[in-house]
J.: 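After the structure tokens below, expect a handful of questions from me.
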Amino acid sequence: MKRAAVIAVQVAAAVLVGLAIRELWLAVTNEGNSAAEPRSAVSVTADVTPNVVAFGTPLVATADVVVDTRIVRPESISMQADFTPYELAGKPTVERHVTGSSAHVRFRYPLRCLREGCEPAAARGVAEFQSGLVRYRFRDSPGAGRDFVDWPAVVVASRVAADDVEAIRWRASETELPAVTTRFGPKGLATVLLVAALALVGAAVWLGRRLWHVPAVSEDLEQRPIRPPLERALELARAELGNGVGPAERRRALERVARELDVLGHEALADDARALAWSPQPSTGEEVESFARRVEDAVSPEVAV
């Protein structure tokens, strides 16, 4: 039994020594996952200048990241920040410097706030920003690391002192204002407006009926027979003579008579009408009347009358 106990103690001691040697080896050679990386390999500091500002004063937020290049890849370092309600007043800059086994990366954010929420009353005298986030990758392991950046608070001071506010002569009065009065009550005004609206609608209806009213056709016009086109053309030619119009209007009237004769199939009379219309000398009243009688005698009563 003693021999078995001694062997068990020796085996346990050997296992513990082996585990200790393994942990020492991993620490020296930087092997293992990202969770086993030493925190001292990454250092992050943040600052905001100036730390006391007035409304509209620009400020600069700076984050300095120092890493051990044997553990962290300096080119993989990135920054994520949100400074609401402040906004960027320029382009952020990133400076990277590598010296031996150490790398220094500086992030600079120019900020300014000119909107509601940045004044001392809204900020309650202190502007606090959300924590930023630094991301990076390790050199000998696939894991990614990150660190939070706690931005210092900024004191927002007022441009107006309390004594200045007390010295202002305010025009407002703390006394109660008299009740609002009107010449017409709401009900009376509504009644007047309703009556006026109805009057306007009635006037619009009356005017519309007057504008769109079409007079009824009289019985005389409905019973009046429609005269043939040739008869109307002859009447027009005779009327041109009685009105004392010029030769040009008389020629057009006779040309219309010629067209109507062509329609009825009286080509000879149509030719005579055109010869009379376009003769070198303007036709006289006797010539037009004589030709009209010839047409009335030659054309059947069913067509000419």
Side-chain angles (χ1 to χ4, degrees), residues 18-157:
L19 292 176
I21 294 174
R22 177 181 179 278
E23 292 297 329
L24 181 61
W25 174 261
L26 292 176
V28 173
T29 58
N30 296 323
E31 293 182 357
N33 53 22
S34 60
E37 295 297 343
R39 297 287 295 175
S40 60
V42 179
S43 174
V44 181
T45 58
D47 188 21
V48 178
T49 55
N51 57 2
V52 179
V53 297
F55 178 78
T57 302
L59 50 87
V60 178
T62 305
D64 293 294
V65 183
V66 179
V67 300
D68 188 344
T69 58
R70 296 171 298 179
I71 301 174
V72 177
R73 298 179 180 178
E75 68 277 3
S76 67
I77 301 174
S78 62
M79 181 77 176
Q80 179 180 346
D82 183 7
F83 299 97
T84 305
Y86 279 73
E87 298 177 347
L88 290 174
K91 185 178 181 180
T93 59
V94 181
E95 301 176 3
R96 301 178 189 269
H97 303 281
V98 179
T99 304
S101 61
S102 177
H104 178 202
V105 181
R106 170 170 289 182
F107 298 89
R108 297 181 75 256
Y109 299 91
L111 304 174
R112 173 177 286 183
C113 187
L114 300 175
R115 63 180 183 177
E116 184 179 0
C118 303
E119 68 275 12
R124 296 184 179 180
V126 178
E128 296 180 347
F129 306 118
Q130 298 181 14
S131 298
L133 185 63
V134 177
R135 299 178 185 273
Y136 48 85
R137 289 191 173 276
F138 297 104
R139 185 174 296 279
D140 298 326
S141 63
R146 64 180 184 178
D147 278 277
F148 289 98
V149 181
D150 295 326
W151 303 102
V154 176
V155 177
V156 182

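Below, each value reflects all heavy atoms present in this structure, side chains not excepted, and no hydrogens, waters or symmetry copies.
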J.: Quick one: salt bridge (Lys or Arg N to Asp or Glu O under 4.0 Å) partners of Asp47, sequence neighbours excluded?
T.: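 For Asp47 there are no salt bridge (Lys or Arg N to Asp or Glu O under 4.0 Å) partners, ignoring immediate neighbours.
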J.: Going by side-chain hydrogen bond (donor to acceptor under 3.5 Å, both in side chains), name the residues that satisfy it together with His104, two or more places apart in sequence or in a different chain.
T.: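 Partners of His104 under the side-chain hydrogen bond (donor to acceptor under 3.5 Å, both in side chains) test: Asp64.
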J.: Do any pairs count as a salt bridge (Lys or Arg N to Asp or Glu O under 4.0 Å) and have a residue in residues 85-105, sequence neighbours left out, and if so which ones?
T.: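 For residues 85-105, and leaving out neighbouring residues, the salt bridge (Lys or Arg N to Asp or Glu O under 4.0 Å) pairs sorted by first residue read Glu87-Arg115.
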J.: Is there a side-chain contact between Tyr86 and Tyr109, using heavy atoms and a 4.5 Å cut-off?
T.: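 No; the side chains remain at least 4.5 Å from each other.
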J.: Does a side-chain heavy-atom distance below 4.5 Å link Arg139 with Pro74?
T.: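 Heavy-atom side-chain distance check passes, below 4.5 Å.
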J.: Applying side-chain contact (heavy atoms from CB on, under 4.5 Å), can you list everything that pairs with Pro50, at least two apart in sequence or on another chain?
T.: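 Scan of Pro50 (side-chain contact (heavy atoms from CB on, under 4.5 Å), adjacent residues dropped) gives Val53, Leu59.
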J.: Which atom pair, heavy atoms only, marks the closest approach of Trp151 to Ala63?
T.: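 Minimum heavy-atom contact is CH2-CB, 3.8 Å.
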J.: Which heavy-atom pair separates Thr69 from Gly100 by the least distance, and what is that distance?
T.: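 That closest heavy-atom pairing would be OG1-O, 3.5 Å.
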J.: Please tabulate, for side-chain N and O atoms in residues 125-134, each donor-acceptor pair with protein atoms closer than 3.5 Å (sequence neighbours left out).
T.:
unit_1: Ser131; atom_1: OG; unit_2: Asp150; atom_2: OD1; d: 3.0

J.: If you apply the rule side chain to side chain contact (heavy atoms under 4.5 Å, CB included), what do you find for Met79 with Val149, and how did you get there?
T.: CA-CA 9 Å; Met79 181 77 176; Val149 181; 3.7 Å; yes
J.: Rounded to the nearest 0.5 Å, how far does CZ of Arg112 lie from CG of Leu88?
T.: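 Between atom CG of Leu88 and atom CZ of Arg112 there are 12.5 Å.
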J.: Considering non-hydrogen atoms only, spot the tightest contact between Gly145 and Phe138 and give its length.
T.: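 Distance-wise, the nearest heavy atoms are N-CE1, 3.9 Å.
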J.: Determine whether Phe107 and Thr62 make a side-chain contact, defined as any pair of heavy atoms from C-beta on separated by less than 4.5 Å.
T.: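 No - every pair of side-chain heavy atoms lies 4.5 Å or more apart.
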J.: Going by the rule side-chain contact (heavy atoms from CB on, under 4.5 Å), which residues pair with Ser76 if we only count those two or more places apart in sequence or in a different chain?
T.: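 Partners of Ser76 under the side-chain contact (heavy atoms from CB on, under 4.5 Å) test: Arg73, Tyr136, Arg137.
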J.: Which atom names give the shortest non-hydrogen contact between Pro92 and Pro110, and what distance separates them?
T.: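 Nearest pair, atom of Pro92 first, then Pro110: CA-CD, 4.3 Å.
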